[in-house]
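In this text, all values refer to a predicted model and were calculated from it rather than measured experimentally. One is the number of the first residue; the rest follow in order along the sequence.
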Amino acid sequence: MAETFPSTARVVIVGGGIMGCGLAYHLAHEGWTDVVLLEKSELTSGSTWHAAGQITHSTSSFGLGKCVDYNVGLYAGKLEAETGQSVTWHGCGSFRLAYTEDEMDWLRQTLGVGRALGFNIELVGPDQVRALHPFYNLDGVIGALHTPDDGHADPSGITQALATGARQLGARIIRRCRATDIKQLPTGEWKVSTEKGDIVCEHVVNAGGTYARQIGDWSNILVPATSMTHHYLVTDTVPEFRDLDRELPVIRDDKHVSGYIRMEQKSGLIGIYEKTNPNAIWLDACPWEAENELFEADYDRIMPWLENAIERMPIFADLGIKREVHGAISHPPDGSPLIGPVANAKNYWCCCGTQIGIGWGPGLTRELARWMVHGAADISMREFDPRRFGPYATKEWQVVKAKEDYCLRHEIPFPHFNRLDGRPVKPSPLYERFKSKGAVFEEVYGHERPRWFARDGIEQRDHYGFRRTPVHEMVAFESQAVRQRAGLMDISAFTKVEVSGPDAEVLIDRLVANKLPQRIGGIALTHMLNRRGRIELETTVVRMAADRFYLVCAAFFEQRLTDHLTFNRNDADVQIINRSSDWAAIALQGPKAREILAACTDARLDNAAFRWLSAQEIEIAGHPMWALRVSYGGELGWEIHGPRAHLLAVYDALWAAGEKHGIADYGSFAMNAMRMEKGFKGAGELTNEVTLPEADVMRFVKTDKGEFLGREATLAALEKPLSWICAYLEIEPQGDWDGNGGEAVRMDGAVVGSTASVAYGHTVGKVLAFAYIKPHAASAGTGLEVFMNETWRPAKVLGDAAYDPESKLPRADAPTREAAE
């Protein structure tokens with residue numbers, strides 16, 4: 001007897017690949033079983049079925065590392081034991097080869113992250129590679145990362161097993177049922193139209209793979225992903241493989257193959273991500289009739305890399321190709337998956353854009369399930385949150401960035417790697433001025449922001465490395481200028497949101513953990529939480545008037561902030577205005593800041609007239625601007641905010657007034673180094689993984705002020721032992737390697753956590769870090785070790801800021817350098 005088609009569900013998932021089935025499985029395990037998954041064809045018939053099915057612990061991403069480790073455990077036994085469905089796990093291990101010192105440094109950084117995560121991972125020489133893989137041509141190889149717990153599995157088997165597990169717990173999976181539309185109802189619920197009828201649900205999930213973008217279009221929702229085609233080839237039977245009593249490790253050769261080589265039964269499998277002429281497909285829409293779709297192999301495109309692969313595996317040279325797999329894979333603009341809520345639409349979730357579905361998928365869907373059910377994931381989702389892209393991500397731009405990402409798939413992921421294609425998108429009013437002055441820019445939420453300025457013959461371009469580069473000295477110059485004289489930084493990329501109206505104070509007060517400023521012009525630093533008590537974002541709140549507030553936070557959180565305000569406004573009589581694009585801002589910092597600003601305004605700037613942590617609307621060079629007396633760098637200074645049209649004139653006036661004082665431009669790299677010297681936590685520390693006590697920011701919390709979102713969870717966190725705490729570390733400098741984040745931290749020989757942010761403090765001459773570690777290791781003065789560049793370095797926990805621990809400088813009328821010492 002056929003089942004009745006459901007008319008309602010708590011969750012409807014559209015798409016039956018590994019992402020959709022993985023989410024159904026994990027939602028059911030988190031307790032949500034009223035789940036319906038819709039698949040237009042058969043499960044895995046999109047991109048999943050033609051995946052090569054590999055998974056590796058070789059990742060420098062801490063969050064993805066946690067997902068990978070979970071997935072290996074799932075594939076290696078847990079999933080099959082639970083469901084009875086075979087996933088055909090091959091635990092053959094793998095090597096990632098290095099031919100250059102830059103590649104070796106990448107492996108050293110990955111080793112550090114692996115140590116923090118407890119992976120079975122080691123750096124080895126060519127002889128050890130040869131011992132386990134005697135057929136690979138290792139000419140030029142200087143080392144390799146060995147991850148022996150890696151392997152590969154059957155993509156269809158994994159997906160079917162996840163589907164079986166979901167069904168066993170009560171979820172429904174409906175095949176041969178294409179969704180045709182998704183619309184939000186006036187009630188806030190979602191109506192999913194299908195070929196068999198409509199389903200009304202509380203939550204809808206776009207797990208559409210190569211269809212995800214056009215599914216998003218049904219609801220006017222931006223899902224930035226482009227389908228790119230990728231080849232792997234299976235050779236005829238390899239005679240040398242016939243008598244092997246074990247499977248050879250997977251080889252990842254980024255330099256010569258731009259891909260991977262492994263055994264497939266007794267044949268060879270060669271996967272290639274060519275670095276030129278990448279192929280985007282289905283730019284308008286993926287055809288609905290596509291099912292188990294493959295394309296004719298394009299040997300002209302991949303031939304240079306295929307020839308390299310055969311040169312590296314000479315036993316393939318005389319063999320034919322018995323299977324050509326050339327299929328489409330979804331690529332977001334930056335290569336990271338789209339996992340989480342979309343902008344401006346409550347309870348619409350993305351579970352798509354995953355290039356490496358077998359390697360990353362189940363772990364990511366577990367985190368998405370936790371996010372949906374409990375209000376927060378258990379790993380930082382910043383790099384996966386779909387809201388990291390805004391309306392600037394047009395379809396044409398998406399294609400440009402997807403092609404760029406494809407070509408970078410097997411390039412070294414240097415720290416701060418700058419993806420340059422398709423830029424600039426949102427240049428600030430100072431962009432051309434700074435470009436002419438040597439600025440090297442980075443992109444943050446579409447905005448162009450200076451990282452550093454080229455001086456003294458250093459070329460105006462990115463200089464990459466896991467070690468110090470020529471940029472180190474440029475940042476030292478900028479830091480010194482701010483500390484000793486004055487500096488100007490373009491901070492227009494900051495999120496800037498105005499909330500006004502009769503209920504503005506009530507709305508904001510129940511969303512922030514700190515008390516709001518009561519005086520007009522008052523400023524407060526505070527945090528917004530979710531119901532689980534985890535940190536959504538940190539924001540500065542300025543009271544502009546009795547019923548008008550101005551909120552400033554990091555650029556990445558623009559959509560998160562506006563959504564948080566909008567979805568929690570209820571019936572509040574407020575107006576929410578996003579000023580992030582029509583207003584711009586600049587920071588003036590340093591001991592000469594007051595003199596420089598005074599030359600451009602008639603406003604009084606002394607402590608009596610313009611106190612620390614206050615804001616005023618003043619005229620600067622004849623233009624009305626809001627001046628905020630705050631300092632992320634820990635110096636006397638102001639942030640100056642106002643209409644974009646005024647900023648260039650304000651900058652020019654401040655620069656002219658500052659020239660006699662030795663003013664300098666500075667960028668985000670110097671700002672980061674200075675905030676680390678001050679012990680100020682940033683977005684790398686304040687994530688959805690942690691509560692306020694764990695982040696050690698309770699001084700910004702007033703639990704007695706009344707109810708606020710996350711208050712009960714915060715109080716509960718205070719009642720029990722903390723899992724970890726954010727500690728401030730000084731690490732012994734050694735050579736030219738200062739760390740890049742994610743490094744293991746240990747105490748008495750046992751790993752107790754990992755670093756979140758690391759930077760060299762040029763003023764204090766120290767390597768400084770924030771690290772999440774076990775509470776027993778976090779007391780001031782505790783001796784620790786941090787794993788960097790294959791070495792455990794001495795470190796200690798600091799109790800106070802390394803620079804100006806009493807924060808006298810930003811508050812003083814006449815600050816002196818002695819106050820910082």
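- A search for side chain to side chain donor-acceptor pair (under 3.5 Å) contacts involving Tyr632 returns nothing, not counting sequence neighbours.
- With hydrogens and angles left out, the side-chain atoms of Ser60 and Thr110 include a donor and acceptor closer than 3.5 Å.
- Scanning all heavy atoms of the two residues, the minimum distance from Thr59 to Gly65 falls at CG2-CA, 3.6 Å.
- Using modelled atom types, one finds a donor on one side chain and an acceptor on the other under 3.5 Å when comparing Thr755 with Glu743.
- Every residue two or more places apart in sequence or in another chain was checked for a side chain to side chain donor-acceptor pair (under 3.5 Å) with Thr159, and none qualifies.
- Lys255 meets the salt bridge (Lys or Arg N to Asp or Glu O under 4.0 Å) test with no other residue; sequence neighbours excluded.
- Here the two rings, on His133 and Phe95, have centers that are 6.0 Å apart or farther.
- Remark: Asp154 engages Thr88, Ser156 in a side-chain contact (heavy atoms from CB on, under 4.5 Å) (not counting sequence neighbours).
- Taking the side-chain contact (heavy atoms from CB on, under 4.5 Å) definition, one finds that Lys681 meets it with Glu685, Leu686, Asp696, Val697, Cys726, Phe770, sequence neighbours left out.
- Other residues, nucleotides and ligands place more than 12 heavy atoms under 6.0 Å from the NZ atom of Lys66.
- Under the rule for a side-chain contact (heavy atoms from CB on, under 4.5 Å), the partners of Glu80 that lie at least two apart in sequence or sit in another chain are Ser86, Val87.
- Aromatic pair His152/Tyr75: centroids not less than 6.0 angstrom apart.
- When the side chain to side chain donor-acceptor pair (under 3.5 Å) test is applied to His146, no partner is found at least two apart in sequence or on another chain.
- For Asp405, the salt bridge (Lys or Arg N to Asp or Glu O under 4.0 Å) criterion is met by Arg419, not counting sequence neighbours.
- Residues passing the side-chain contact (heavy atoms from CB on, under 4.5 Å) test with Cys67, sequence neighbours excluded: Leu364, Ile379.
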Scan the side chains in residues 773-785 for donor-acceptor partners under 3.5 Å anywhere in the protein, sequence neighbours excluded, and list what turns up.
{"unit_1": "Thr782", "atom_1": "OG1", "unit_2": "Ser779", "atom_2": "O", "d": "2.7"}
{"unit_1": "Glu785", "atom_1": "OE1", "unit_2": "Arg746", "atom_2": "NE", "d": "2.7"}
{"unit_1": "Glu785", "atom_1": "OE1", "unit_2": "Arg746", "atom_2": "NH2", "d": "3.2"}

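- Defined by atom type and a distance below 3.5 Å, a donor-acceptor pair is missing between the side-chain atoms of Asn418 and Tyr464.
- If you look at Phe669 and His416, their ring centroids are closer than 6.0 Å.
- Ring pair Phe417/Phe414 is parallel by interplanar angle, where below 30° counts as parallel and above 60° as perpendicular.
- The side chain to side chain donor-acceptor pair (under 3.5 Å) check on Arg115 picks up nothing, with sequence neighbours excluded.
- Among Arg560, Gln559, Glu558, the single residue meeting the side chain to side chain contact (heavy atoms under 4.5 Å, CB included) criterion with Phe556 is Arg560.
- Judged by distance alone, the side chain of Gln355 and the main-chain N or O of Ile329 form no donor-acceptor pair under 3.5 Å.
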Quiz: residues 332-339 side-chain donor-acceptor pairs under 3.5 angstrom, not counting sequence neighbours:
{"unit_1": "Asp334", "atom_1": "OD1", "unit_2": "Ser336", "atom_2": "N", "d": "3.1"}
{"unit_1": "Asp334", "atom_1": "OD1", "unit_2": "Arg388", "atom_2": "NH2", "d": "2.9"}
{"unit_1": "Asp334", "atom_1": "OD2", "unit_2": "Arg388", "atom_2": "NE", "d": "2.8"}

